[in-house]
Amino acid sequence: MSPVTLSLATLGRLPAAVEWPRYDRAQARCGIVHLGLGAFHRAHQAVYTEQVLASGDLGWGIVGASLRSPDTRDALAPQDGLYTVSVRGPDAPHYQVIGAIQHSLVAPENPQALIAAMAHEDVKIVSLTVTEKGYCHDPATGELNEAHPDIVHDLAHPEAPRSAIGFLMAGLRHRYAKGLKPFTVLTCDNLPANGHTVAKVLRRFAQLSDPGLADTIAQEVAFPSTMVDRIVPSTTDADRAILAEAGIIDAWPIMTEPFTQWVIEDHFPLGRPDWGRFGAQLVADVLPFETMKLRMLNGAHSTLAYLGYLSGYETVAEAMGDAALARLVERMMSDDIPPTLVIPEGTDVAAYRRSLLERFRNPALRHRTWQIAMDGSQKLPQRLLGPARDLLAQGRSLDRIALGVAAWMRYVTGVDEHGQPIDVRDPLARELRQRADAAGRNGEALARSLLAVEAIFGADLPQDPRFTVPVIKALESLFTHGVKDTVQAQA
Ligand code: CS2
């Protein structure tokens with residue numbers, strides 16, 4: 001049978017095993033505007049919401065907006081917004097076509113259309129997956145970065161913003177002007193205390209941009225925190241080919257793992273979909289879940305990404321095939337991180353650790369170390385530096401975490417052990433590279449220069465020899481003995 005090009009008209013011709021939306025999509029209203037239409041949203045929140053729609057509650061269609069590039073809209077529009085989620089694990093792959101995203105917008109093409117969508121009376125929630133750097137905050141303190149070029153721009157052009165923060169503000173302003181209640185802001189990014197962080201950033205932006213509205217926003221807008229978890233590598237042409245083999249021509253399918261978790265603080269003044277019926281955990285306090293996930297999963301992920309990339313491993317699964325590297329992250333998760341956590345009630349940390357190791361080993365996913373290594377300046381504070389501070393407060397040693405930090409320092413020099421260039425993607429890449437070039441291959445000079453970047457390390461860590469000495473030692477060892485021997489010695 002020749003493969004079917006995905007669209008509403010062709011759903012009935014898809015291979016029998018493929019799940020597709022059976023609800024009346026034309027009747028669905030959009031109750032959610034989502035900012036940041038990347039692969040993660042499409043494999044996570046959109047899948048939970050799809051089940052809500054399929055259960056007959058049609059008030060929760062999604063308008064998805066890309067804040068930068070038209071690529072997603074261009075791929076999805078010809079297929080009526082439909083795309084396939086392919087779940088890959090030990091069992092045969094499972095394919096589900098998702099219909100929850102009813103419309104895709106491209107913010108820079110028409111900012112007014114996005115603001116109007118947010119100010120529509122059917123909309124109750126604006127959710128976000130704009131990555132860590134999308135919040136235009138200072139990662140070390142969580143405060144709005146008022147000098148960020150997008151923030152400067154958005155303060156000057158409130159009706160044609162660029163940043164997610166500028167759009168949230170514009171959407172709220174338009175709602176108030178129409179006499180509507182504010183939407184709930186639902187952040188789904190891997191930030192510490194993510195709801196509080198976006199609240200702090202937006203409230204400050206409101207004070208600067210519209211002081212008359214700032215108090216109302218501070219009093220009325222809800223910012224529930226969430227913990228989101230699903231491993232979603234970026235899609236490749238090889239993935240598209242796999243889909244075609246399976247009988248579906250899809251311009252932008254999503255590959256993911258069987259595991260999915262969503263813990264949500266239950267605070268939605270205008271209501272919410274019944275996500276809890278489909279596996280989401282609605283709780284009063286997300287913080288213990290979020291911290292555990294950011295430190296155990298993401299902390300280990302970043303460590304594996306830098307050490308793995310530098311050791312020549314392209315994917316996380318390949319890096320986990322290196323016994324010393326696997327042992328290192330396992331010990332990080334068993335010895336170093338747990339003492340820094342408040343364990344959520346009912347959680348067995350050892351079982352959680354085992355399941356993370358198994359997920360990292362999933363050979364059916366090609367999750368590139370380079371992808372995870374991206375934006376380290378925005379990720380390190382919550383993944384490795386938070387645990388480091390807690391370990392210091394408890395008087396414990398932190399050698400493995402220091403090695404993770406040193407591996408990031410080695411990585412941002414932009415040159416690997418074979419003299420090959422590394423494509424370092426980071427909002428601070430240029431500054432990091434300049435510091436690395438000035439320091440040369442001198443571990444101590446490089447470590448001290450990078451530790452002085454206050455937006456990452458704050459004012460405290462660079463002053464504390466219990467942190468700086470092990471980082472310098474690890475970085476010196478990475479330069480003198482190389483990555484593999486250093487990992488071997490540490491593991
Ligand atoms: C990863 C995360 O790219 C990264 O930084 O650590 O995207 C990770 O895969 C997800 O948080 C898993 O839920």
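All ligand and atom numbering here is 1-based and tracks the order in the structure.
Taking any N or O of Arg359, backbone or side chain, none lies under 3.5 Å from an N or O belonging to ligand 1. Ligand 1 has no N or O atom lying under 3.5 Å from any N or O atom of His367, backbone or side chain. Below 3.5 Å of separation, one finds no N or O of Gln371 facing any N or O of ligand 1.
In terms of protein heavy-atom proximity, atom 13 (O) of ligand 1 is closest to Asp229 OD1, 2.6 Å. Protein heavy atom closest to atom 7 (O) of ligand 1, with residue, atom name and distance, is Asn190 ND2, 4.4 Å. At the top of the distance list for atom 2 (C) of ligand 1, counting protein heavy atoms only, stands Asn298 ND2, 3.6 Å.
Judged purely by distance below 3.5 Å, without hydrogens or angles, the side chains of Ser86 and Arg88 pair a donor atom with an acceptor atom. With hydrogens and angles left out, the side-chain atoms of Arg73 and Ser66 include no donor and acceptor closer than 3.5 Å. In the model, His94 has a side-chain atom that pairs as donor or acceptor with a side-chain atom of Glu19 under 3.5 Å.
Under a 4.0 Å criterion applied to the non-hydrogen atoms of Lys293, ligand 1 contributes the atoms 10 (C), 11 (O), 12 (C), 13 (O). Close contacts of ligand 1 with His301, meaning ligand atoms under 4.0 Å from a residue heavy atom, involve 1 (C), 6 (O), 8 (C), 9 (O). For ligand 1 and Lys379, the ligand atoms under 4.0 Å from any heavy atom of the residue are 3 (O), 4 (C), 5 (O).
Not one N or O on the side chain of Tyr309 forms a donor-acceptor pair closer than 3.5 Å with the backbone of Glu314. Lys293 places a side-chain N or O within 3.5 Å of a backbone atom of Val228 that can act as its donor or acceptor partner. Judged purely by atom type and a 3.5 angstrom limit, Arg433 uses its side chain to pair as donor or acceptor with the backbone of Thr413.
Not a single heavy atom of Gln261 sits under 4.0 Å from any atom of ligand 1.
To the nearest 0.5 angstrom, Leu357 atom CG is 9.5 Å from Arg354 atom CZ.
Residue contacts with ligand 1 for Arg383 involve side-chain atoms from C-beta outward but no N, CA, C or O (heavy atoms, distance under 4.0 Å).
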**Request:** Mind running side-chain hydrogen bond (donor to acceptor under 3.5 Å, both in side chains) on Tyr48 and Thr260 for me, showing each step along the way?
**Result:** CA-CA 10 Å; Tyr48 287 86; Thr260 178; 3.0 Å; yes
